[in-house]
Amino acid sequence: MSEQSIVERILYDADMEARTVISEAEKKAAETVALASERAKRNKEGALAEAKEKATAILDGKAASARLECSKILLGEKRGVIDAVYSRALKQLNALNKTESVRLAEGLLTQYAEAGDEIVFAENYCFASDVSKLSVVRERKLKVSSKTADLDGGFILRGKNCDKNISYGALLAEDREKHQSEIAAKLFITG
């Protein structure tokens, strides 16, 4: 073989070897790129799923907070309505005419007064002299105080053993305690 053919042979072999190395490098690079792309795709999907999960958790939390806040507001409004009902009842009790007011006082004295109790009327009670003339006052030897009390209507009974607040406000508070849920059920029918 001639020198020229040896050089050509060496160049040819080198070219073939270079092509093989390049081909293998391109395959390896393509595999690396494919693996990196697959890993990036999985990472992206995982990040998107995690972000979606966090967004759902945040939305669920905000929705729960909003429902709770709405429930608080609704409860406050319902309490306001019930407050208005009892406020109106108090106004109506204070606006009773003489006959009705004295009849109510007689019933309360009959039910709550003990012998020797002292009746202390509210400052705004207009029928104290009429109540003082009731038979229950004489029969139970009730005293009528010359002083008045800062009450929202009605009177209190001062006794030897205990005082009894049977003012209109106290009576309504007791009624509210007993009947608030019934009243709410009737006022706020849901269904």
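You'll find the side chain of Ile82 reaches within 4.5 Å of the side chain of Gln180, heavy atoms only. Annotation: side chain of Thr20 is in contact with side chain of Glu24 (closest heavy-atom distance under 4.5 Å). Side-chain contact between Leu134 and Leu142: absent, with no pair of heavy atoms (C-beta onward) separated by less than 4.5 Å. Inter-residue side-chain proximity for Tyr112 and Asp117 is flagged as unmet; no heavy-atom pair is nearer than 4.5 Å. Within the 4.5 Å cutoff, no side-chain heavy atoms of Ile166 are placed close to those of Ile156.
One finds a salt bridge joining Glu114 and Lys164 here, because a Lys/Arg side-chain nitrogen approaches an Asp/Glu carboxylate oxygen to under 4.0 Å. For Lys178 and Glu174, the salt-bridge test passes: some basic side-chain N is under 4.0 Å from an acidic carboxylate O. Using a cut-off of 4.0 Å between Lys/Arg side-chain N and Asp/Glu carboxylate O, Arg19 and Asp15 are scored as salt-bridged.
The NZ atom of Lys27 sits 14.0 Å away from atom CD1 of Ile22, with the distance rounded to the nearest 0.5 Å. Distance check, rounded to the nearest 0.5 Å: CG of Leu171 to CZ of Arg176 gives 15.0 Å. To the nearest 0.5 Å, atom CD of residue Glu182 and atom CG of residue Asp175 are 9.0 Å apart. Here Leu108 contributes atom CG and Gln111 contributes atom CD; the two are 7.0 Å apart, rounded to the nearest 0.5 Å. Atom NZ of Lys41 sits about 12.5 Å away from atom CG of Asn43, to the nearest 0.5 Å. To the nearest 0.5 Å, the span separating OG on Ser87 from CG on Leu172 amounts to 9.5 Å.
Across all non-hydrogen atoms, the minimal contact from Asn94 to Gly153 is OD1-CA, 3.4 Å. What you find for Ser132 and Phe121 is that their closest heavy atoms are OG-CE1, 4.4 Å.
Clustering ILVMFWY residues whenever any of their side-chain heavy atoms sit less than 4.5 angstrom apart, transitively, puts Leu96 in the very cluster that holds Leu109. Leu74 and Val81 end up in different hydrophobic clusters when Ile, Leu, Val, Met, Phe, Trp and Tyr side chains are linked at under 4.5 Å. Residues Leu151 and Val131 do not share a hydrophobic cluster, defined by chaining ILVMFWY side chains whose heavy atoms lie under 4.5 Å apart.
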- request: Run the numbers on Val120 and Phe155 for side-chain contact (heavy atoms from CB on, under 4.5 Å), then give the verdict.
  value: CA-CA 5 Å; Val120 181; Phe155 51 89; 5.9 Å; no
message: Checking Ile119 against Ser145 for the side-chain contact (heavy atoms from CB on, under 4.5 Å) test, could you report, in this order, the C-alpha distance in whole Å, the side-chain angles of both residues, the deciding distance, and whether it holds?
response: CA-CA 6 Å; Ile119 305 170; Ser145 176; over 6 Å; no
- prompt: Should Leu157 and Asn165 be marked as a side-chain contact (heavy atoms from CB on, under 4.5 Å) after you check the CA-CA gap, both sets of side-chain angles, and the distance that decides it?
  reply: CA-CA 6 Å; Leu157 293 171; Asn165 185 351; over 6 Å; no
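Taking the six-membered ring where tryptophan is involved, the planes of Phe127 and Tyr125 are perpendicular, since the angle between them exceeds 60° and thus also 30°.
By the 6.0 Å contact criterion, CD on Glu177 is open, its count of non-hydrogen atoms from other residues, nucleotides or ligands being 12 or less. Applying the 6.0 Å contact sphere to CD of Glu17 captures no more than 12 heavy atoms from other residues, nucleotides or ligands.
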Enumerate, atom names and distances included, each donor-acceptor pair closer than 3.5 Å involving a side-chain atom of residues 52-64, sequence neighbours excluded.
{"unit_1": "Lys54", "atom_1": "NZ", "unit_2": "Glu50", "atom_2": "OE2", "d": "3.4"}
{"unit_1": "Thr56", "atom_1": "OG1", "unit_2": "Lys52", "atom_2": "O", "d": "2.9"}

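Among residues at least two apart or in separate chains, salt bridge (Lys or Arg N to Asp or Glu O under 4.0 Å) pairs with a member in residues 121-145 are Lys98-Asp130.
The backbone N or O of Asn97 sits nowhere less than 3.5 Å from a side-chain atom of Ser101 that would complete a donor-acceptor pair.
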